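Here the structure is a predicted model, which means the values were calculated and not measured. So you know, we letter chains A, B, ... as the sequences are listed, proteins then strands, and number each from 1.
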Amino acid sequence: MHMPELPEMENYKRNLNQLLQNKMITDVIINREKSVNVAPILFIGAVRGTTIQAVERRAKHLLFRLSNNKVLLLHLMLGGWMYYSEEKDKPKRTVQVQLSFGEKHLYFIGLRLGYLHLYTEQEVEQELADLGPEPLDASFTEEQFLSYIEKKRGMLKLKLVDQHFLSGIGNCYSDEICYDARLLPESKLEDLSGDERSALYTSIRTVLPEATEIGGYMEHPLFVGDTKTGAYNDKCRVYDCEGQSCQRCGSKIVKTEISSKKTFFCPVCQH
DNA sequence: AGGGCAACCCGGACGC
DNA sequence: TGCGTCCGGGTTGCCC
């Protein structure tokens, strides 16, 4: 099961803007009330008939900006995914929420802890207020990063997946970033040398865009004929690669657990 | 502040 | 095929 992180949500964002921008939500079906934050009748009343003005990404969230200035805030959490198709191509899975656009529908699937919440613009900003910096923002320069982590402490992997530290990195890309930077996931942030800190920054700014451009590692496509989404699946160099040979040094990739998170690394070329 | 941990949730994988 | 059981994890909140 692959948990959507920044590259996956960015991939969704780009695709959904292409598919949905300026389209009207003609119908809403809520099969699981817990997926939404207000009574279904109110949710449907507020959403049906509006158009999608834009889809934005913040950390691992998507924001669907509606023409009535309301915002749908999506978090897929573990195992959630989306599919956009006509009824005849609807996935044979339980659909928690469905947004219809005429003949086509956006299906929200696997929302267990995930949700699609209805907010005002002010409310959504409150919801997202505690998120750390977006690691790919143009304004997040190396200089900014170095000064930002100056007084931060803790295990590298745990900092990387901490949404208050940085926005959008999860269990997979934290390992991929550590690998790329040749740093052990359990190393302490405060122990990193200047060069290692720079390498960390470079790897964050390399791994996440690469994965995004390739299409992320979601296991499900977004629409019929979508061959891009998920193309990063077999590009991971350590995540879920236990026992495989390290692409740099040939050693076996090791799986371990850090704070009950499965963690993969090369014991030889990561220090 | 960091670190540990329980609770949340249920589709799907697995066993029989 | 069908039924029962259990796992996975991002996030929050609480504790030390």
For A:Y239, the option from A:F264, A:F265, A:Y232, A:Y179 that meets ring-ring contact (aromatic ring centres under 6.0 Å, His included) = A:F264

request  = Taking the six-membered ring for Trp and the single ring otherwise, decide whether the centroids of A:Y217 and A:Y173 are under 6.0 Å apart.
outcome  = yes

For A:E134, the option from A:R57, A:R58, A:R205 that meets salt bridge (Lys or Arg N to Asp or Glu O under 4.0 Å) = A:R57

ask   = When you measure from the side chain of A:R153, which nucleotide among C:dT11, B:dG2, B:dC9 comes out closest?
value = B:dG2

ask   = Which of these nucleotides, C:dG10, B:dG4, B:dC9, is closest to any side-chain atom of A:S259?
value = B:dG4

key: A:D191 atom CG, neighbour heavy-atom count above 12 within 6.0 Å   = yes

request  = Starting at atom NZ of A:K262, determine the distance to atom P of C:dG10, rounded to an integer number of angstrom.
outcome  = 9 Å

message = Both A:L111 and A:M155 contact DNA chain B. Taking the nearest nucleotide for each, which residue is further toward the 5' end?
response = A:M155

Residue A:Q96, side-chain heavy atoms: nucleotide from C:dG10, B:dG11, B:dG3 that is nearest = B:dG11

query = Between B:dG4, C:dT12, C:dG10, which one does the side chain of A:H164 approach most closely?
reply = C:dT12

message = Quick check against the 3.5 Å criterion: does A:T26 have a side-chain atom that pairs as donor or acceptor with the backbone of A:G102?
response = yes

inquiry  = From CD of A:E257 over to C1' of C:dC7, roughly how many Å is that when rounded to an integer?
reply    = 13 Å

message = Students often get this wrong, so: under 4.0 angstrom with heavy atoms, is A:K159 touching a base, only sugar-phosphate, or nothing?
response = sugar-phosphate

request  = Can you tell me the distance, in whole Å, between the CD atom of A:E8 and the P atom of C:dG10?
outcome  = 12 Å

ask   = Distance check: side-chain N/O of A:K188 vs OP1/OP2 of B:dG3, anything under 4.0 Å?
value = yes

query = In whole angstrom, what separates A:K255's NZ from C:dG8's C1'?
reply = 11 Å

task = Name the nucleic acid region contacted by A:G170, choosing base, sugar-phosphate or nothing; use a 4.0 angstrom heavy-atom cut-off, strictly under.
result = nothing

query = Can you tell me how far P of C:dT11 sits from CG of A:L158, to the nearest Å?
reply = 13 Å

query = Could you state the CZ-P distance from A:F165 to C:dT12, rounded to the nearest angstrom?
reply = 17 Å

key: N/O (side chain, A:Q163) to phosphate O (OP1/OP2, C:dT11) under 4.0 Å   = yes

ask   = With respect to the phosphate group of B:dC9, does any side-chain polar atom (N or O) of A:K34 fall under 4.0 Å of OP1 or OP2?
value = yes

ask   = Would you say C:dG10 has OP1 or OP2 under 4.0 Å from some side-chain N or O of A:H75?
value = no

query = Among C:dG10, B:dC9, B:dG12, which is the nearest nucleotide to the side chain of A:R32?
reply = B:dC9

query = Does any donor atom in the side chain of A:D27 or A:S100 lie under 3.5 Å from an acceptor atom in the other side chain?
reply = no

message = In this structure, how many angstroms lie between the C1' atom of C:dT11 and the CG atom of A:L128, rounded?
response = 14 Å

ask   = A:L113 side chain: which of B:dG12, B:dC9, B:dG4 is closest?
value = B:dC9

query = Expressed in angstrom and rounded to an integer, what is the separation of A:D130 atom CG from C:dT12 atom P?
reply = 8 Å

message = Can you see if the side chain of A:K60 gets near the phosphate of C:dT11 - specifically, an N or O under 4.0 Å from OP1 or OP2?
response = yes

